[in-house]
There are 2 protein chains.
Amino acid sequence: MDAVVPTHLNARKRPRQARAAVTLDAIFEATIQLLLSDGPERLTTTRVAERAGVSVGTMYQYFPHKQALIYALNGRYLDKVAQDVEAVCRAQHGAPVAEMVDALVGAYWKAKTARSDVTRALYRSAVELDTESLIESFGRRVDAATSAMFESAADARFADLAIVNTTVLTAIFGTVRSAFERNLQAPLMCGVHKQLVVMCLAYLEAVRLPATADMRAGAQT
Amino acid sequence: MDAVVPTHLNARKRPRQARAAVTLDAIFEATIQLLLSDGPERLTTTRVAERAGVSVGTMYQYFPHKQALIYALNGRYLDKVAQDVEAVCRAQHGAPVAEMVDALVGAYWKAKTARSDVTRALYRSAVELDTESLIESFGRRVDAATSAMFESAADARFADLAIVNTTVLTAIFGTVRSAFERNLQAPLMCGVHKQLVVMCLAYLEAVRLPATADMRAGAQT
DNA sequence: GGAGGATATGAAGGATTCTTCAGCTTGAGG
DNA sequence: CCTCAAGCTGAAGAATCCTTCATATCCTCC
C-alpha cells in the first residue's frame with residue numbers, strides 16, 4: 001500500500017522502543033473497537049485515547065491528525081488482505097481455473113470474515129476520508145496478481161483477460177461487501193459464498209476461448 | 001421504504017404550500033451537492049442551509065436534526081430505485097430468464113448511473129447513521145419482487161430459489177457498488193456491465209433444474 | 001381586506017471536538 | 001549512576017457545530 005500516499009496523511013514518527021509499539025497497537029485496537037461500538041460519527045480523539053489507556057497527546061505523536069489514524073488503519077488492513085490474495089495467486093499459478101476461483105474466493109472471503117467486526121468497522125470508517133488512493137492501490141495490486149494467475153491457467157485462455165479479470169474481481173469484492181452490508185445470517189452468508197464460486201466459475205466457463213491444441217495436450221505454460 | 005422507521009428520524013412536518021415544497025427540494029439538492037463536493041464529514045446544517053439559499057431554522061422545521069435529513073434523503077432515493085426494479089419485475093413476469101436478467105441488471109445499473117453523482121454521494125453518506133433499517137427494507141422489497149419474477153420464468157425452475165435469488169441480487173448490488181467505488185473509467189465500466197449480465201446468466205444456467213415436460217411444452221405458469 | 005396558520009429568519013446558547021505545548025517520566029547506553 | 005532522547009501527560013485554546021426560539025413575512029381562504 002505504499003503508493004501515492006497523500007503527504008498530509010503521513011505518520012508522524014515510528015515507534016523505536018518496545019512500549020511505543022505496544023501503545024501504537026493499543027491505539028489501533030481502540031480505534032477499531034470504537035468504530036464498532038459507536039460508529040465513525042462518534043469516533044473522537046479523546047475517546048480513542050481514553051479507550052487505549054493513553055493520553056490524547058500520545059496519539060498526536062504518531063499521527064498528525066485523526067484522519068491519518070484512520071488512513072493508517074485502513075492501509076494496514078488492506079495491505080494484509082492484498083498479501084493474502086497475492087499468496088493465493090502465487091500458490092495457484094498454473095492450476096486449473098476451477099481451483100483458482102475456489103482458492104481466490106475462499107481467501108478473500110476468509111480475509112474478510114476472519115474478523116468480520118473489523119471488516120465492518122473499516123467499511124464504515126473508509127467513507128470518512130479520501131480512501132480512494134488506498135482502494136485504487138489495493139485494486140491495482142490485486143488486479144496484477146489475479147491477472148497473472150489466470151493467464152497461467154492450465155485449462156483455459158481468455159480473449160480479453162483485462163475485462164474478464166476486472167469483472168471477476170469486481171463481482172467478488174462487491175458481493176462480499178454487499179453480503180456484509182445486508183447483514184445476512186450465517187447460513188445465507190455461507191450459501192452465498194458457495195454460490196459465488198459457482199457463479200464465477202460459470203462465468204469463466206462461458207467466456208473462455210475454445211480449447212487449443214497445446215492445452216488439450218496438457219501443456220503447463 | 002415505509003418500514004420500521006426509527007421514530008426519532010421522522011420528518012417534522014410535510015410541506016403544505018408550494019413554496020415549502022420548493023424549499024424542501026432545495027434542501028435535498030443542496031445536501032447532495034455538498035455531500036459530493038465536500039464529503040459527509042463536512043456536511044453541516046449551516047452549509048446546507050446556505051447552499052440551499054434558506055436559513056438554518058428552515059431546515060429544522062422539516063427535520064428534527066441532521067440525521068433525519070440524511071435518512072430522508074436515502075429513503076427517497078432507495079424508494080425510487082426499488083420502484084424501478086419492481087416495475088421491471090412486473091414487466092418481465094413470465095419471460096425467459098435471459099430477458100429477465102438483462103432487464104434487471106439494466107434497470108439497476110441505469111438507476112445507479114442515471115445520476116452517478118447522487119449515487120456516489122449517498123453511498124458515502126449512508127454510513128453515517130443507522131441506514132441498516134433502510135437497506136434491509138430495500139433488500140426485502142427487491143427480494144420479493146425478483147423472487148416472484150424468477151419463479152414465473154418461462155424456461156427455468158430452480159431448486160432453492162431463495163439462495164439463488166439472494167446470490168444474484170447480492171452480486172448485482174455489490175458489483176455495481178464496487179464498480180463505482182473503484183471509479184472505473186467509462187469503457188471498463190460499460191464492459192463490466194455487459195459482463196455482469198453474462199455472469200448472472202451463466203450462473204442461473206448452471207443452477208437451474210433440468211427442463212420439465214410442461215416447460216418443454218411451453219406452458220407459462 | 002384581514003385573520004390565522006404556514007414559513008422563514010438568524011443571532012446566540014450550549015456542547016463537542018481537534019490539536020498544541022510545556023513539563024514530567026521512563027528506558028537505554030556509556 | 002548519569003545523561004539524554006524517547007515517550008507520555010492533560011489542561012486549555014481555538015474552532016466548529018447543532019439546535020432553539022422569539023420575531024417577521026407570506027399565503028390562503030373566508
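Numbers restart at 1 for each chain; the letters A, B, ... are given by sequence-line order, proteins then strands.
Heavy atoms of B:Phe63 sit nowhere under 4.0 angstrom from any nucleic acid atom.
Remark: A:Asp102 engages no residue in a salt bridge (charged side-chain N to carboxylate O under 4.0 Å, His left out) (not counting sequence neighbours). For A:Ala52, the side-chain contact (heavy atoms from CB on, under 4.5 Å) partners at least two apart in sequence or on another chain are A:Ala26, A:Ile27, A:Ala30, A:Val54. For B:Gln83, the side-chain contact (heavy atoms from CB on, under 4.5 Å) partners at least two apart in sequence or on another chain are B:Asp79, B:Arg141. Shown here are the side-chain contact (heavy atoms from CB on, under 4.5 Å) partners of A:Ser178, two or more places apart in sequence or in another chain: A:Arg182, B:Thr170, B:Phe173. The side-chain contact (heavy atoms from CB on, under 4.5 Å) search around B:Tyr60 returns B:Arg12, B:Thr45, B:Val56, not counting sequence neighbours.
Taking the six-membered ring for Trp and thresholds of 30 and 60 degrees, A:Phe138 and A:Tyr108 have ring planes inclined between 30 and 60 degrees apart.
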Identify all side-chain donor-acceptor contacts of residues 186-203 of chain A below 3.5 Å with residues at least two apart in sequence or on another chain.
unit_1   : atom_1 : unit_2   : atom_2 : d
A:Gln195 : OE1    : B:Tyr203 : OH     : 2.4
A:Tyr203 : OH     : B:Gln195 : OE1    : 2.4

Could you list the donor-acceptor pairs under 3.5 angstrom formed by side chains in residues 16-23 of chain B, with sequence neighbours left out?
unit_1  : atom_1 : unit_2  : atom_2 : d
B:Gln17 : OE1    : B:Arg19 : NE     : 3.0
B:Gln17 : OE1    : B:Arg19 : NH2    : 3.3
B:Thr23 : OG1    : B:Arg19 : O      : 2.9

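Annotation: proximity of residues 14-23 of chain A to DNA chain D (heavy atom, distance under 4.0 Å) is found for A:Pro15, A:Arg16, A:Gln17, A:Arg19, A:Ala20, A:Thr23, numbered in ascending order.
Applying the salt bridge (Lys or Arg N to Asp or Glu O under 4.0 Å) test to every pair with at least one member in residues 26-40 of chain A, sequence neighbours left out, gives these pairs: A:Glu29-A:Arg115. Sorted by first then second residue, the ring pair (Phe, Tyr, Trp, His ring centres under 6.0 Å) pairs that include residues 13-37 of chain A, not counting sequence neighbours, are A:Phe28-A:Phe63.
For DNA chain D, the span of nucleotides reached by chain B at under 4.0 Å from its heavy atoms goes, 5' to 3', from D:dC17 to D:dC27.
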*Protein proximity profile, nucleotides 9-22 of chain C - base contact B, sugar-phosphate-only contact S, no contact -, cut-off 4.0 Å on heavy atoms*: BB------SSBB--
